[in-house]
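What follows is a single structure, written as structure tokens, with notes after it.
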Amino acid sequence: MFSESVSEEALRQDFETLTVSKRLVRSVSQKLRKKNHRGEGGEEDKVRGVSLKCLTLYGRGGGCKVGADTGEELGDPSYRRRSSASEEGKVYKSICGIEDNNFDCFSYGVREKFWKKNNRKDLDLEESVRNSRMHIFLPDDILEMCLVRLPLTSLMNARLVCKKWRHLTTTPRFLQMRREGSCQKPWLFLFGAVKDGYCSGEIHALDVSQDQWHRISADILRGRFMFSVASMQDDIYIVGGCSSLTNFGRVDRSSFKTHKGVLVFSPLTKSWRKASSMKFARSMPILGISEVCSDFSVIQSHQNRHDRQFPRSRVGGVSDVYEDPHRLSLRRQYRNAFDENGPSLLPNRRSYKFIRQRSEQANMKGCKRFVLIAVGGLGSWDEPLNSGEIYDSLSNKWTEIQKLPIDFGVVCAGVVCNGMFYVCSENDKLAGYDIERGFWIGIQTSAFPPHVHEYYPKLVSCNGSLFLLSVSWCEGDGQIGRRNKAVRKLWELDLMYLTWTEVSVHPDAPMDWNPVFVADRNLIFGVEMFKIFGQVLDFFTVCDVSDVEMNWSHISRNHMAHELDASSCMTKTMAVLHL
């Protein structure tokens, strides 16, 4: 009995040892299986959250517990009692000799269905991403209608999507549709910025509607300064200018070269091209630009240089006929002198030569013909010029026009209004060049608006009216002991009676002696830059002439000139476009 009990005790110990070893082998195999499974598809399981293998619901006896007792997991309290009772009489045997715990408990096809069911959201997300990457195919006409309504900044970003969109938004048809659309907003383009003593060539563009500044790189303007700009349709013309010969890129007038070249910048396409060069090199010329009819005639005049008096004049409020009745016949001769087949009867003037330039391009749909006039400025030797020339967009050629009289003075401002190019001089004289007929007219107004000598007047045209901005001294509101102050006033010229009327007062003090004012449609934009306390400040204002009060308001609180040099106040120029 003692030997049998000893043998039973040894057998029981061996059975417990075998059970412990089987548990140890099982735990080690599970760890190895998890390690291998993590190396093969760990990243995939972490993202998707469900393994494609078995759920590894293993019990103490090994094998899969799918369909087995799961009361412990489900919270059944009687589970422990049943499991403990069953474990006592359960013998752990391997069916095939070697126990393999790494098997798939799912039948064929069940694994894929289980994975799709639990990862439906991930599949939907991947499907949406895949669809977003695919191109949306729309007809070109519908795509044009969508793109033509985008703001300029969004349009520039849309061109980066693909080559098709870039080509579609740069065609003449698209540009014409955008030009005729109602989604255009005013943009101000500031040229002539000087930074660290160098003409950087950067163009600062202001989106007035969004009050956002944008920088446009223009390496072609690097080192060029003292030029003038004029805008027509979607293009900006850069005329003349100077560049240093010894210190290229710097604003240095000790040794410089004056240019006669003309550059054209298109903001919509960000492209540059060269137009025909002027006949004379000019810096800071006075420009005027105007649309003309398709059968416009460029008139070239040859006048005696010793006598350059105006052939006719207008006196405000009094007709020339009633002032001198004997000049009635002479006035009729003036009218007939511009007949193409008739002889010239103008005094002290040779015959006019009419150059008819007809072309099929003028009849093209959407093609508008215009002329650009450049008058005055400084020549190659820094001398004031009284000559002028006109550029025809159809022929891409410059033609000389009649010179201004010597006693007219240096031209300081000019603008086109109702087919007449008005210019004013430092001597407070006003003249107009008839673009269609090709001659100057001296205009005598009632009383020229007073202005401080250092501040030259500026001319702008808005809604068919001619305005002048001048700085004058204003008394201290009638108060005794109050000092006078300088104010900038806006004057309007009555083109019928030639009388000036004050219509508005600029709110800012005239700190800048060389401000720039440009007009477009019913708005007058102005920029003033000056250096104070070691920093350059800029103020942009706008005035709506259609308003009865004609009040000025600031349009940009974001100062962009704080990093510019003080010389930018002298070299700046501005153009406005609706894009």
Side-chain angles (χ1 to χ4, degrees), residues 191-192 194 199 221 223-232 236-245 251-264 274-290 300-301 303 305 308 371-392 397-416 421-433 435 440 454-460 513-518 567-575:
F191 295 81
V194 180
C199 301
L221 295 178
R224 197 167 180 176
F225 58 94
M226 307 295 286
F227 52 82
S228 301
V229 298
S231 59
M232 172 56 63
I236 301 177
Y237 286 76
I238 297 93
V239 182
C242 298
S243 61
S244 178
L245 294 176
V251 183
D252 184 11
R253 294 181 62 86
S254 60
S255 177
F256 62 92
K257 174 187 176 182
T258 305
H259 298 278
K260 57 181 179 181
V262 179
L263 301 174
V264 185
K274 290 185 179 181
S276 179
S277 299
M278 296 184 294
K279 294 184 175 297
F280 301 97
R282 303 173 187 270
S283 63
M284 300 180 64
I286 305 301
L287 303 181
I289 194 166
S290 174
Q300 183 178 9
S301 64
Q303 186 182 5
R305 295 185 179 182
R308 299 193 183 109
V371 293
L372 175 63
I373 307 175
V375 176
L378 302 177
S380 300
W381 301 97
D382 212 15
E383 76 281 6
L385 301 176
N386 63 346
S387 61
E389 42 193 316
I390 186 171
Y391 170 79
D392 184 10
K397 293 182 180 179
W398 288 87
T399 306
E400 292 185 61
I401 63 175
Q402 178 188 1
K403 294 184 178 181
L404 287 165
I406 299 178
D407 58 352
F408 183 76
V410 178
V411 181
C412 61
V415 70
V416 174
F421 180 39
Y422 292 92
V423 295
C424 64
S425 66
E426 299 175 359
N427 301 334
D428 297 343
K429 292 185 178 182
L430 186 66
Y433 180 78
I435 298 177
W440 289 99
E454 292 81 7
Y455 295 84
Y456 297 133
K458 304 292 181 181
L459 289 175
V460 292
W513 62 270
N514 186 35
V516 180
F517 291 93
V518 293
S567 55
S568 301
C569 305
M570 178 183 61
T571 60
K572 69 179 181 299
T573 182
M574 186 173 63

Original post:
Quick one: which of V411, V410, I373 gives a side chain to side chain contact (heavy atoms under 4.5 Å, CB included) with I286?
Top reply: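 Among the candidates, only V411 passes.
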Test your reading of the model: is there a side-chain donor-acceptor pair from [X] to the backbone of [Y], 3.5 Å cut-off?
| X | Y | answer |
| --- | --- | --- |
| S425 | F408 | yes |
| Q402 | W440 | yes |
| N386 | L404 | yes |
| K572 | N514 | yes |
| E389 | M278 | no |
| S231 | I236 | no |

Grab the two heavy atoms, one from [X] and one from [Y], that are nearest each other, plus how far apart they are.
| X | Y | result |
| --- | --- | --- |
| S290 | I435 | CB-CD1, 3.9 Å |
| A281 | L385 | O-CD1, 4.0 Å |
| V264 | A275 | CG2-CB, 4.0 Å |
| S276 | W398 | O-NE1, 2.8 Å |

**OP:** Side-chain contact test, heavy atoms from C-beta onward, threshold under 4.5 Å: evaluate it for Y237 versus L287 and give yes or no.
**Re:**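 Counting from C-beta outward, Y237 and L287 never come under 4.5 Å.
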Original post:
Can you find a pair of side-chain heavy atoms, one from C199 and one from V251, that are under 4.5 Å apart?
Top reply: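 C199 reaches V251 side chain to side chain.
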Straight-line distance of [X] [atom1] to [Y] [atom2], nearest 0.5 Å:
| X | Y | atom1 | atom2 | answer |
| --- | --- | --- | --- | --- |
| H259 | S380 | NE2 | OG | 10.5 Å |
| Y391 | I289 | OH | CD1 | 9.5 Å |
| S283 | F256 | OG | CZ | 6.5 Å |
| K257 | S243 | NZ | OG | 6.5 Å |
| F421 | I401 | CZ | CD1 | 7.5 Å |
| C424 | K458 | SG | NZ | 8.5 Å |

**OP:** Using the side-chain contact (heavy atoms from CB on, under 4.5 Å) rule, take F280 and E400 through it: C-alpha gap first, then chi angles, then the decisive distance, then the call.
**Re:** CA-CA 10 Å; F280 301 97; E400 292 185 61; 3.8 Å; yes
Original post:
Can you tell me if CE on M284 sees more than 12 non-hydrogen neighbours from other groups inside 6.0 Å?
Top reply: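 Not more than 12 within 6.0 Å, no.
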Subject >> Candidate pair T571 and M226, rule side-chain contact (heavy atoms from CB on, under 4.5 Å), full reasoning >> reply: CA-CA 5 Å; T571 60; M226 307 295 286; 4.0 Å; yes
**OP:** Tell me yes or no: between the side chains of S387 and R282, is some donor less than 3.5 Å from an acceptor?
**Re:**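 Yes, a side-chain donor-acceptor pair sits under 3.5 Å.
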Subject >> Pair S254-D252, side-chain donor/acceptor within less than 3.5 Å >> reply: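 Yes.
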Subject >> Stepwise side-chain contact (heavy atoms from CB on, under 4.5 Å) check, Y433 with V423 >> reply: CA-CA 8 Å; Y433 180 78; V423 295; over 6 Å; no
**OP:** For side-chain contact (heavy atoms from CB on, under 4.5 Å), just list the numbers for L263 and F227, CA-CA rounded to whole Å, side-chain angles, deciding distance to a tenth of an Å, and then say yes or no.
**Re:** CA-CA 11 Å; L263 301 174; F227 52 82; over 6 Å; no
